[in-house]
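For the single chain, residues carry numbers from 1 onward in sequence order.
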Amino acid sequence: MAFLKFNKSELVNLEYSLKREIILANKTGAYCNTSLVTCNTRRYHGLLAVPVDNFGGGKYMLLSSVDESIVVGGKQFNLGIHCYGDIYEPRGHKYIIDFDADPVPEIIYKVGDIMFSKTILMVPDNDQVLIKYTLMEAPQKALLKLKPFLAFRNVHSLTHQNGEANTEGKDIAGGVAYRLYEGFPDLNLQMSAKASFRKMPYWYNGITYSDEYRRGFDCMEDLFVPGEFSVELKPGETVVLSASVNEISPRGLKKKFEDIVAKMGTIHNYHDLLVHNADMLKCKRGGKEQINAGFSWLQTGLLRETIESLPGLTIYADGNAAEFEKILDTLIADEQERLFHRTTQVESPLRLTDTIQQYVEFTGDEKKVWKKYGATLKGIIESYAPGRRREVTMHPNGLLWAQMDWTALSWMNTYISGQPVNERAGYQVETNAMWYNALCFAVEMEEKYGAKKNNAFVAQWAPVRDLVKQNFQPTFWNADQGYLADYVDGNGQNMDVRPNQLFAVYLRYSPVDDEVKSSVMSVISNELVTKRGIRTLSPRNIKYKGVYEGSQTDRDLAYHNGCAFPSLLAPYVEVCFNMMGAAFYKKAEWLTEGFYEDINKHGVGVFAELYDGDPPHEPHGAIACACSTAALLKIDYLMNKYKEDKK
């Protein structure tokens with residue numbers, strides 16, 4: 001796409017290009033993630049990371065990088081780049097003249113009279129990455145040399161030279177295969193054209209990941225290079241390198257590459273970009289359909305992140321109701337413990353009601369949806385009865401009290417040296433708003449579609465619903481301040497201005513009256529709303545940290561004490577549309593356009609997990625985030641809906 005191009009001056013400037021990353025992922029859960037100039041700056045960077053079922057499905061980096069060299073007229077030009085301490089060697093980025101991401105990343109190099117391109121593609125249905133090399137222009141034949149750097153380690157870890165690695169390898173059709181350690185799959189390296197492979201086993205020590213160094217983490221590792229491929233190219237010729245956990249036929253590699261690219265099509269607008277991102281964040285593996293919370297270090301199938309992002313990535317993206325149900329069914333089957341017994345994010349099971357409500361509104365078939373998911377939602381409610389959960393319990397006033405010493409029992413769950421940054425023990429405003437919403441919805445559905453006589457669920461929980469309604473507003477509302485307490489404990493109301501109170505206004509069944517809603521929204525709009533999401537704390541608060549930079553401690557202090565989250569924009573925008581109708585359209589446009597201005601930053605063409613609370617609101621966190629993408633898709637859906645209403 002035209003808006004994802006970079007020029008030579010940007011690309012050769014490492015201060016600029018190393019801060020911008022490309023991310024490719026496929027339906028198997030495998031990914032490729034590196035910087036624009038393919039110099040890895042994080043431990044999570046590499047050309048092929050795959051889930052390894054033998055190790056519980058966690059992601060493991062097999063192929064870290066490939067160094068390319070072009071030999072013409074006896075002169076060798078090295079196009080690779082690595083960091084060793086504070087030295088970059090070789091400095092192949094100086095030959096880069098262009099980068100394009102439409103429809104897959106392509107890097108173009110110019111060395112004298114030689115023009116050379118490298119294009120990277122993830123195969124949709126296999127743990128496989130394809131790299132296509134083209135000698136675009138040259139005065140004569142050129143020799144292409146490729147050195148693969150192998151890691152074979154968990155993406156969260158680093159590896160070092162050791163005597164246990166099996167460095168022998170074996171010959172296969174069109175290449176070689178290596179498996180450094182037991183339990184791993186083979187990494188099959190195969191070329192589409194006749195190539196020679198010269199074994200030259202060598203450990204490259206002290207490769208440094210600058211982003212890890214900057215953050216104060218372990219940052220050096222040793223990578224194993226088994227040898228070097230060599231293939232001769234004429235001007236205009238192309239060769240494809242395949243790195244895969246499966247041995248394949250090398251003959252069809254070029255056609256396979258072109259066929260996959262042809263099916264991808266072109267991204268014409270920002271909606272297409274959002275849908276493309278949604279597709280990248282969903283995977284199918286081992287018969288399960290799941291959501292990856294974010295690339296490249298967040299996990300797949302997480303409870304809260306799946307519940308929060310599911311509607312946006314499915315029904316609001318492309319109306320795929322069947323996919324919504326398959327992912328939800330997988331989540332319910334996998335998360336029985338957290339949904340019905342214990343979890344340190346006590347609001348997450350209750351939030352499933354909101355996800356189901358969105359699905360009901362989208363499909364218009366509440367009876368069918370309740371028949372399928374009603375037992376799950378009722379079971380969640382019953383799990384919050386006194387004595388059922390250790391981390392949270394229902395008090396006689398109907399409200400939920402969450403408390404475990406030294407444990408953060410909400411989505412605001414960062415820790416420093418084992419101590420929670422925001423413990424929030426007591427009555428949490430969002431948890432109790434979701435509790436009320438869940439009770440109201442379940443009781444209403446049971447009254448409509450449950451047993452008509454002697455309905456035990458309605459008899460037990462309708463009075464609790466009424467108690468929560470009676471006690472919520474007196475507990476959380478502070479008339480003098482004009483907003484809801486973030487939580488209430490033995491010391492009374494905590495009046496930090498946070499976005500958690502938004503859920504008391506947003507949810508379908510609100511426990512507060514209209515005057516309170518209006519006042520709450522006014523405070524959120526004035527103190528928390530930015531052009532990159534909703535701040536997690538008001539700048540007026542002494543604990544506020546508006547920039548997510550520095551040491552791990554500095555970043556953890558900022559994460560939920562000032563950072564702006566795009567995911568919170570979706571409920572905010574929906575409330576505003578509900579209150580103001582189509583008149584809010586222009587403001588919604590203003591609130592989202594900044595994300596598209598930033599798609600050349602951080603992760604190229606993807607949407608970040610969080611942003612600085614302070615202007616200019618730089619992106620941080622996971623490069624491609626499911627919750628952020630889902631929120632923007634829902635807002636896009638709402639804007640289209642109200643745009644139609646304006647006509």
Side-chain angles (χ1 to χ4, degrees), residues 1-6 20-34 36 49 99-106 119-126 128-130 257-285 289-296 298 300 305-306 309-320 322-324 327 566-567 569-570 592-609 619 622-637 639-640:
M1 63 196 73
F3 45 78
L4 288 180
K5 290 179 70 71
F6 299 84
R20 283 148 176 87
E21 305 180 27
I22 53 175
I23 176 75
L24 306 171
N26 66 9
K27 288 299 184 183
T28 71
Y31 77 80
C32 164
N33 181 203
T34 185
L36 279 183
F99 174 96
D100 192 359
D102 183 14
V104 290
E106 179 183 36
T119 311
I120 306 171
L121 172 71
M122 288 296 299
V123 175
D125 55 358
N126 190 22
Q128 182 180 17
V129 64
L130 301 178
F257 189 103
E258 299 304 331
D259 288 348
I260 293 171
V261 171
K263 290 178 182 177
M264 294 175 70
T266 303
I267 295 173
H268 298 288
N269 52 48
Y270 293 124
H271 176 76
D272 290 348
L273 182 62
L274 285 168
V275 173
H276 168 75
N277 274 268
D279 190 62
M280 184 174 68
L281 289 157
K282 295 173 290 190
C283 67
K284 302 175 185 178
R285 193 177 186 93
E289 296 196 25
Q290 296 177 292
I291 289 172
N292 190 311
F295 289 107
S296 42
L298 299 183
T300 299
E305 287 80 357
T306 299
S309 64
L310 179 56
L313 300 184
T314 56
I315 55 176
Y316 298 131
D318 56 10
N320 197 332
E323 187 176 49
F324 175 100
I327 294 172
S567 57
L569 261 184
T592 54
E593 62 188 7
F595 294 102
Y596 306 116
E597 295 169 2
D598 279 349
I599 57 172
N600 284 343
K601 292 181 179 180
H602 201 43
V604 174
V606 291
F607 301 94
E609 177 187 3
I623 307 305
C625 177
C627 292
S628 298
T629 305
L632 291 169
L633 277 159
K634 182 172 185 181
I635 294 170
D636 184 66
Y637 174 84
M639 289 175 67
N640 286 330

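Each of Glu323, Glu289, Gln290 was compared with Lys282 under the side chain to side chain contact (heavy atoms under 4.5 Å, CB included) criterion, and only Glu323 meets it. Applying side chain to side chain contact (heavy atoms under 4.5 Å, CB included) to Phe607 and the options Ile623, Leu281, Leu273 leaves one that passes, Leu273.
Of all the heavy atoms in Ala626 and Ser309, the pair that sits closest is O-CB, 3.6 Å. Considering every non-hydrogen atom in both Ile120 and Cys32, the closest pair reads CG2-SG, 4.0 Å. Across Ala631 and Pro566, no two heavy atoms sit closer than the pair CB-O, 3.5 Å. The two residues Met122 and Asn26 have their closest heavy-atom pair at CE-ND2, 3.7 Å. What you find for Arg20 and Val604 is that their closest heavy atoms are CB-CG2, 4.2 Å. The two atoms that bring Ser296 and Asn33 nearest to each other are OG-OD1, 2.8 Å, heavy atoms only.
Atoms NZ and CG, on Lys284 and Asp125 in that order, are 10.5 Å from each other to the nearest 0.5 Å. In this structure, Leu130 CG and Ile260 CD1 are separated by 6.0 Å, a value rounded to the nearest 0.5 Å. Of the inter-residue distances, the one linking Leu274 atom CG with Leu313 atom CG reads 10.0 Å to the nearest 0.5 angstrom. To the nearest 0.5 Å, atoms CG (Asp272) and OG1 (Thr266) are separated by 9.5 Å. Between Ile291 atom CD1 and Ile327 atom CD1 the span is 4.5 Å, to the nearest 0.5 Å. Rounding to the nearest 0.5 Å places CG of Leu121 at 6.0 Å from CE of Met264.
At least one side-chain heavy atom of Ile23 sits under 4.5 Å from a side-chain heavy atom of Met280. With contacts defined as side-chain heavy-atom distances shorter than 4.5 Å, the pair Val606/Phe295 does not qualify. Looking at heavy atoms from C-beta onward, Glu305 lies out of side-chain contact with Leu298 at the 4.5 angstrom threshold.
Inspection of the Asn292 and Thr300 side chains reveals an N or O donor paired with an N or O acceptor under 3.5 Å.
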Take Leu569 and Phe595 through the test side chain to side chain contact (heavy atoms under 4.5 Å, CB included) and record every step on the way to the result. CA-CA 12 Å; Leu569 261 184; Phe595 294 102; 3.6 Å; yes

Give the C-alpha distance, both sets of side-chain angles, the deciding distance and a yes or no for side chain to side chain contact (heavy atoms under 4.5 Å, CB included) between Phe99 and Ile22. CA-CA 11 Å; Phe99 174 96; Ile22 53 175; 3.4 Å; yes

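Asp636 places no side-chain N or O within donor-acceptor distance of the main-chain N or O of Leu632, the cut-off being under 3.5 Å. The backbone N or O of Arg285 lies less than 3.5 Å from no partner atom in the side chain of Lys27, so there is not a single donor-acceptor pair.
A search for salt bridge (Lys or Arg N to Asp or Glu O under 4.0 Å) contacts involving Glu106 returns nothing, not counting sequence neighbours.
Using cut-offs of 30° and 60° on the angle between ring planes, the pair Tyr637 and Tyr316 is tilted.
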